[in-house]
S.K.: 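The structure's right below; bear with me while I get my questions together.
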Amino acid sequence: MIDLSRRADEIAPGLLGAVIRRGPVAVRLTEVEAYLGADDPASHAYRGERGRAAVMFGAPGTIYVYVSYGIHRAGNIVCSPAGQASAVLMRAGELVAGADIARERRGLAPDRPDTLLAKGPGNLGRALGLDLLDNGQPLGGPGDLFELTEPGPGPGGILVGPRIGITRAVDAPLRFWLADEPTVSARRRGEPWRG
DNA sequence: CATAGGATTATCT
DNA sequence: GATAATCCTATGC
């Protein structure tokens with residue numbers, strides 16, 4: 001099992017290539033972002049252990065689901081020891097199981113490629129079937145709702161750049177993605193500067 | 001006053 | 001045209 005008791009920025013790159021499974025649908029992560037605690041103004045946990053951010057202060061390996069722009073369900077994997085807050089936002093991935101279910105949930109046209117199924121946090125959330133009721137659920141084993149499996153060797157390198165869609169701490173290099181992966185969401189602001 | 005949940009507009013493709 | 005760690009409002013404490 002992957003050690004999630006360190007801070008999210010140390011763990012996030014290592015989660016690339018790992019497979020997150022929720023029920024019958026599984027996604028191989030190709031793009032993630034790290035959100036820290038008190039030191040990160042862009043993090044929900046910046047203002048302390050209150051509201052929904054309380055989940056981020058829980059045990060490492062907990063799932064944190066929040067509503068983005070009223071329509072998206074974005075999923076995070078809580079990191080750091082209990083009492084400290086940080087999390088890895090799952091931004092994009094490749095369907096490795098249950099692609100047919102994901103396609104139905106997305107309502108994706110038959111002529112559109114599978115690479116679009118989990119591209120972007122909102123789309124990944126829909127593909128996995130994330131629900132607010134999943135908030136606070138733990139990562140478990142094969143018999144549980146959620147499961148996280150070890151990453152396989154990635155042929156391409158890991159790229160790093162600024163996070164997307166935020167208004168504070170916009171320059172922090174906390175977005176990580178795999179090179180040459182068609183499932184990674186659009187670059188948008190900035191370009192990778194380390195790999 | 002704090003929290004929970006649904007929604008819009010600016011930015012990027 | 002599609003997407004997004006923001007923003008606003010309703011409800012409960």
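Throughout, a chain's letter reflects where its sequence line sits, starting with A, and its residues are numbered from 1. Heavy atoms only: backbone and side chains are in, while hydrogens, waters and symmetry mates are out.
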S.K.: By nearest nucleotide on DNA chain B, pick out whichever of A/H72 and A/G51 is the more 5' one.
M.R.: A/G51
S.K.: Identify which nucleotide among B/dG6, C/dA4, C/dT6 has an atom closest to any side-chain atom of A/T167, counting heavy atoms from C-beta outward.
M.R.: C/dT6
S.K.: Mind calculating the distance between NE2 (A/H44) and P (B/dA4) to the nearest angstrom?
M.R.: 13 Å
S.K.: Using a heavy-atom cut-off of 4.0 Å across all strands, would you classify A/N123 as base, sugar-phosphate, or nothing?
M.R.: sugar-phosphate
S.K.: Flag as yes if A/Y69 stacks onto the base of C/dT3 (centroids under 5.5 Å, planes under 30°), otherwise no.
M.R.: no
S.K.: Report which part of the nucleic acid A/R52 touches: base, sugar-phosphate, or nothing (heavy-atom distance under 4.0 Å, all strands).
M.R.: base
S.K.: Distance check needed: B/dG6 P versus A/R126 CZ, whole Å only.
M.R.: 14 Å
S.K.: Can a side chain N or O of A/R50 be found less than 4.0 Å away from OP1 or OP2 on B/dT3?
M.R.: yes
S.K.: Quick check on DNA chain B: between A/I71 and A/L132, whose nearest nucleotide comes earlier from the 5' end?
M.R.: A/L132
S.K.: Whole-Å distance between B/dT3 C1' and A/E49 CD?
M.R.: 15 Å
S.K.: Are A/H44 and A/Y35 near enough that their ring centres are under 6.0 Å apart?
M.R.: no
S.K.: Please give, in whole Å, the distance from C/dA4 P to A/L89 CG?
M.R.: 10 Å
S.K.: Would one find more than 12 heavy atoms of other residues, nucleotides or ligands at under 6.0 Å from atom CG of A/D3?
M.R.: yes
S.K.: Do the side chain of A/R28 and the main chain of A/G93 share a donor and acceptor less than 3.5 angstrom apart?
M.R.: no
S.K.: Please state how far atom CG in A/L130 lies from atom C1' in B/dG5, giving the value in whole angstrom units.
M.R.: 16 Å
S.K.: Report which part of the nucleic acid A/Y46 touches: base, sugar-phosphate, or nothing (heavy-atom distance under 4.0 Å, all strands).
M.R.: nothing
S.K.: Between C1' on B/dC1 and CZ on A/R47, what's the gap in Å once rounded to a whole number?
M.R.: 14 Å
S.K.: Side-chain heavy atoms under 4.5 angstrom apart, residues restricted to Ile, Leu, Val, Met, Phe, Trp, Tyr: same cluster for A/V19 and A/L148?
M.R.: no
S.K.: NA contact type, A/R73, heavy-atom cut-off 4.0 Å: base, sugar-phosphate, or nothing?
M.R.: sugar-phosphate
S.K.: Drop me the distance from A/L116's CG to A/T183's OG1, to the nearest 0.5 angstrom.
M.R.: 10.0 Å
S.K.: In whole angstrom, what separates A/K119's NZ from C/dA4's P?
M.R.: 11 Å
S.K.: Mind calculating the distance between CZ (A/R175) and C1' (C/dT3) to the nearest angstrom?
M.R.: 13 Å
